[in-house]
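The next block holds one structure in the form of C-alpha cells; read it before the comments.
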Amino acid sequence: MKKPEETGLNKTSAWDSVDRKAVDRFATEYMSVIRDAKTEREFVEAIATIAQAEGYTLIDPLSRKAFPKSDKLLFINRGKNAVLVRLGKHPLGDGVTMVAAHVDAPRIDVKQNPLFESTGLALFQTHYYGGIKKYQWVTIPLALHGVVFDKNGRKLQLRIGEDEADPVFSISDILPHLGQAQAEKKLSEGVAGEALDAIVGHIPSSNKNEKTPVKANSLKVIAEQLHIDERAFAAAELEMVPAMKPREVGFDHSMILAYGHDDRICGYTAARGLLDQRNVPDRTQIVLLVDKEEIGSDGDTGMQSEFLELIIERLLHELNEKATVRQVLWNSVALSADVGAGMDPNYLDVFEAANAATVGNGIVITKFTGSRGKTSAHDASAETLHKFLEILDKKAVPWQVAEMGKVDVGGGGTVAKFLSKRGIETLDAGPALLSMHAPQELASKADLYCCYLAYRAFLEQGR
Ligand code: MN
Ligand code: MN
C-alpha cells in the first residue's frame, strides 16, 4: 500500500497556517460548551443562550403578533431544533445562505418501562440511539440526562452524573474468564442491544415482604430525590451519555477527546461563524441546528421537517415580500456541516489514501456521500464545489477533499440530501474525526478552528 503521506491533493497540515493562540482560545470555549451540553435539548439551550447574549431575539414563528424590529432572530422548535437568522439587505426571494448541522448524538436511551431487578441489582432497560458499536458503551461511567414530569406535573430537566458528587450509571460486561463464547462471536454481535441494561441501584428495601426489594428501594430513593414515581418513566425522555469531560490529547495538547463532536463541533462552529459576522450581510444568513440526524432526520425536529419552511413563510409575510417559500429555497445555498472520517493509523486498509481525510489538514469537502454506487447520496455539482473552494482560498482557509472510505467498504449520509431536495444548492463540509460515534470521539483543534473560519467565510460570501 502506498504511504498516505505520499499521495493526495492539499495534504498539508493546517497547523502550519493557523493562528495557534486563536485556535487554543476557540478550543477552550468549545470544550466548555460541549462539557455542559450533552443532549440535543441542552445544546439548543446553550446556543440559544449564547445567541441571545449576542443580541438575537427569540421569536415564536406561530405568534400572531408582528415580529419585533430586529435583524437577528432566533427560532426554537420544540426545544430540540434551533434556527438562527441574520436578515440581509437583499430580499429573501434572492435566496439565503445557510449552514446546517445536527445537534443529536449517538447515546443510550432509557425505555418507557425501565426499572427492573436482577441478581441483587436494580437496572434500567435501554434502547440505543444511532449507529453505535455497542461494545464501546459498556463499563464506562454514564450520566442520565433528560426530561421527566414529577407528581405535580412539573417538568424536570435531569442531569445526574456530571458533578463530582453525583452518582453515575454503568453497563456491565462479562469478564474475559467467562467471555469465551462472546469472544468467538462477530464484534457486532458480541454485545446485544438487550445486554445494554444499566445498573442504577443495589441496596434492598428493609421491607422483607418486597418481591423485588432492590427495585423497591431504588424507587423509594428516586421518589425522595426527584418526587417521581414509576409511572413517570412512561412519559419521560431520558438519555444516558458518557459521564466524561472533554480532555486535551497529546503532549502538545493538539486534539480534543470528547463526547458528541458529531456533530456539535459543526453546530458550535457554524453558530459562532454567524454570531461573529461584523456587517449587515447582503443575503440573509441562517444557521440550522437540527435533531434526529443519527436516525434518519425524520420527525418534527429533524431536517426532513418543514420548520424551515414555516420560518421562511412567516419572514416573507413580515417583510411584505411577494416571493414564495419555494423560490427562496431554490435560490438558496447551504453547507451541510457534518463530521467525516479521518484516516485512522490503526485501520489504514479501509481508506483510499488520496481521497481520504487526514485529521489536522483542514475542513473536509465531500462532493458526495452515500454508499456502494453512491446509493442514497447527496452529490454536489462542480459549480458548487468551485464556488466554495474559491471562498476558502480567498480567505486562506485550509481544506482537503475526501470521501468516507474505500469504494464498497461502507458509507454514510448527512442532512445534505434533505436540503438539496428543496432546491438548495448544497455541499458537505466538516472536520475529520477519529473514533466517530464512540463514547469519546477525537477531533483536531486545528480542524475545529478551520471549520469556524470556513463557515464564517461561507455565510459572509454566500454565492
Ligand atoms: Mn453527523
Ligand atoms: Mn453521526
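Counting starts at 1 for both ligands and their atoms, following the listed order. None of these values were measured; they are calculated from a predicted model.
The closest side-chain donor-acceptor pair between Thr139 and Asp173, if any, does not fall under 3.5 angstrom.
Sequence neighbours left out, the pairs with a member in residues 21-30 that pass salt bridge (Lys or Arg N to Asp or Glu O under 4.0 Å) are Asp24-Lys445.
Ion pairing between Glu239 and Arg107 holds under the 4.0 Å rule for side-chain N and carboxylate O.
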Result block: side-chain N/O donor-acceptor pairs under 3.5 angstrom for residues 72-79, not counting sequence neighbours:
unit_1 : atom_1 : unit_2 : atom_2 : d
Asn77  : ND2    : Asn81  : OD1    : 3.0
Asn77  : ND2    : Asp300 : O      : 2.7
Arg78  : NH1    : Asp300 : OD2    : 2.5

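Legend: residues meeting salt bridge (Lys or Arg N to Asp or Glu O under 4.0 Å) with Arg272, ordered by chain and number and at least two apart, are Glu54, Asp276.
Two residues are said to be in side-chain contact when any heavy atoms from C-beta on lie closer than 4.5 Å; Ile108 and Tyr129 fail this criterion.
Only protein N, O or S atoms were considered, and those under 2.8 Å from the Mn ion (ligand 1) are His102 NE2, Asp262 OD1, Asp338 OD1, Asp338 OD2.
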